[in-house]
Amino acid sequence: MPARRLAHDFFNRPTLTVARELLGQRLVRLWRGQRLAGYITETEAYIGHDDLACHARAGRTPRTAVMFGRPGLAYVYFTYGIHWLLNCVTETEDFPAAVLIRAIRPEEGLPVMRRHRQRADSVLTDGPAKLTQALAIDGKLNGYDLCARGAELFIEAAPPTPEAQVICAPRVGLGRTPEPWLSQPWNFKWKS
DNA sequence: AGGACGATTAACT
DNA sequence: GTTAATCGTCCTG
């Protein structure tokens with residue numbers, strides 16, 4: 001019996017709740033008939049037009065349109081001229097928010113991941129652009145429905161992560177973002 | 001039309 | 001600790 005996949009109602013909740021509860025869930029990518037998968041170990045919340053670190057601070061643009069869409073969509077964007085980053089859209093339609101998947105612990109399909117990234121296993125998927133490279137996720141998946149039947153990118157339910165295992169911290173890489181947004185503890189990660 | 005900069009990474013010194 | 005890579009997006013004029 002296959003594992004249950006997270007559905008729209010999981011994502012249609014406050015973004016901080018979704019970011020926290022995504023820890024320990026299993027990100028799965030079906031790629032050329034193979035399962036590439038791992039446990040989510042770090043997430044980050046970006047919440048609405050008031051959040052000056054959130055892309056949607058500038059309102060609805062061609063780039064941010066997906067964040068205004070249905071909860072459970074993938075928001076995949078290109079940055080630094082090189083990298084793709086994966087987010088899950090959250091909250092009700094027309095409210096722009098998402099959770100960035102910053103790291104996973106690889107569990108399935110390691111030979112393929114190693115082929116996509118010629119790097120040691122310890123650094124295969126421990127960054128937001130590393131995991132997209134390992135799992136063959138790019139802009140073609142922007143707007144993709146993670147909850148659709150037959151999806152090739154989705155999240156499987158796994159046991160919840162106990163509170164004692166979770167570290168809360170400020171978000172990473174925000175640069176010149178003003179306070180208070182710079183210091184909001186909206187990054188969640190597995191301890192150890 | 002031009003420029004600054006970015007939810008990063010890897011390779012330097 | 002510093003910096004190049006590399007280009008889409010947004011802001012200014």
Side-chain angles (χ1 to χ4, degrees), chain A residues 11 14-23 25 27 29 36 38 40-69 71-91 95-106 110 113-144 146 153 155 166-190:
Chain A
F11 299 98
T15 304
L16 292 174
T17 303
V18 176
R20 163 67 182 82
E21 294 193 12
L22 274 175
L23 287 179
Q25 308 304 298
L27 177 65
R29 170 73 165 129
L36 315 180
I40 295 171
T41 55
E42 184 178 354
T43 63
E44 216 159 70
Y46 291 86
I47 313 175
H49 65 276
D50 291 338
D51 176 2
L52 294 185
C54 180
H55 291 161
R57 65 185 176 276
R60 191 192 291 254
T61 68
R63 181 202 203 191
T64 62
V66 171
M67 290 186 88
F68 289 79
L73 297 184
Y75 169 45
V76 182
Y77 73 90
F78 186 61
T79 191
Y80 291 101
I82 309 176
H83 302 302
W84 294 101
L85 273 61
L86 170 68
N87 300 253
C88 305
V89 173
T90 58
E91 313 220 19
F95 183 89
V99 173
L100 172 67
I101 309 299
R102 287 195 58 90
I104 65 174
R105 172 180 160 185
L110 267 79
M113 293 190 204
R114 294 186 188 111
R115 208 182 313 144
H116 291 159
R117 269 180 62 72
Q118 297 281 314
R119 296 288 184 278
D121 286 2
S122 60
V123 293
L124 212 45
T125 58
D126 65 340
K130 298 179 185 181
L131 72 90
T132 57
Q133 185 184 8
L135 299 193
I137 293 166
D138 64 20
K140 292 190 291 293
L141 290 169
N142 188 36
Y144 195 82
L146 303 172
L153 180 65
I155 299 173
V166 178
I167 300 179
C168 235
R171 293 173 290 182
V172 175
L174 265 43
R176 306 165 62 257
T177 300
E179 297 289 0
W181 310 113
L182 183 61
S183 298
Q184 295 285 13
W186 292 353
N187 173 287
F188 301 86
K189 71 189 294 191
W190 266 38

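Reminder, nothing fancy here: chain letters follow the sequence lines and each chain counts from 1.
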Q. If you look at every strand shown and take non-hydrogen atoms under 4.0 Å, does A:A129 touch a base, only sugar-phosphate, or nothing?
A. sugar-phosphate
Q) How many Å lie between CG on A:D126 and P on B:dT9, as a whole number? A) 8 Å
(Q) Can you identify which nucleotide, out of B:dC5, B:dT8, B:dA10, has its nearest atom closest to the A:R119 side chain? (A) B:dA10
Q) Are A:R102 and A:V172 close enough that some pair of their side-chain heavy atoms sits under 4.5 Å apart? A) yes
Q: Only one of A:T125, A:D126, A:D121 passes side chain to side chain contact (heavy atoms under 4.5 Å, CB included) with A:V123; say which it is.
A: A:D126
Q: Whole angstrom is fine here: how far is it from CE in A:M67 over to C1' in B:dA7?
A: 10 Å
Q. Stem ranges for DNA chain B, with three or more consecutive Watson-Crick or G-U pairs under 3.5 Å?
A. B:1-6 with C:7-12, B:8-12 with C:1-5
**Q.** Any A:L100 side-chain heavy atom under 4.5 Å of A:Y46 side chain
**A.** yes
Protein-nucleic acid N or O pairs under 3.5 Å, nucleotides 4-10 of chain C:
residue : atom : partner : partner atom : Å
C:dT6   : O2   : A:Y80   : O            : 2.2
C:dC10  : OP1  : A:T61   : OG1          : 2.8

Q) Ring-on-base stacking between A:Y77 and B:dA7, under 5.5 Å between centres and under 30° between planes: is it there? A) no
Q. With rounding to whole Å, what would you report as the distance between B:dA7 and C:dG1 at their C1' atoms?
A. 22 Å
Q: Using a heavy-atom cut-off of under 4.0 Å over every strand shown, decide if A:R57 touches base, sugar-phosphate, or nothing.
A: nothing
Q) Any side-chain N or O of A:R117 under 4.0 Å from OP1/OP2 of B:dT9? A) no
Q. Taking 4.0 angstrom as the limit, do A:D51 and A:R57 come out as a salt bridge?
A. no
Q) Can you tell me how far C1' of B:dT8 sits from CD of A:E44, to the nearest Å? A) 12 Å
Q: Return the value, rounded to whole Å, for the distance between atom CD of A:Q118 and atom C1' of B:dA10.
A: 15 Å
Q: For A:I101 and B:dT8, give me the distance from atom CD1 to atom P, rounded to whole Å.
A: 14 Å
Q. Are A:L153 and A:L27 side-chain neighbours, meaning at least one heavy-atom pair lies under 4.5 Å?
A. yes
Q. So do the side chains of A:R29 and A:L141 get within less than 4.5 Å of each other, counting heavy atoms only?
A. yes
Q.
Give me the distance, rounded to whole Å, that separates C:dT3 from B:dC5 when you measure between the C1' atoms they each carry.
A. 15 Å
Q: Describe the nucleic acid contact of A:G173 in one word from base, sugar-phosphate, nothing, applying a heavy-atom distance below 4.0 Å.
A: sugar-phosphate
Q.
Are the side chains of A:K189 and A:T41 in contact, using a 4.5 Å heavy-atom criterion?
A. no
(Q) In the structure I gave you, are the side-chain heavy atoms of A:N142 and A:Y77 within less than 4.5 Å of one another anywhere? (A) no
Q.
Please verify the inter-ring angle class for A:Y75 with A:H55; under 30° counts as parallel, over 60° as perpendicular, anything in between as tilted.
A. perpendicular
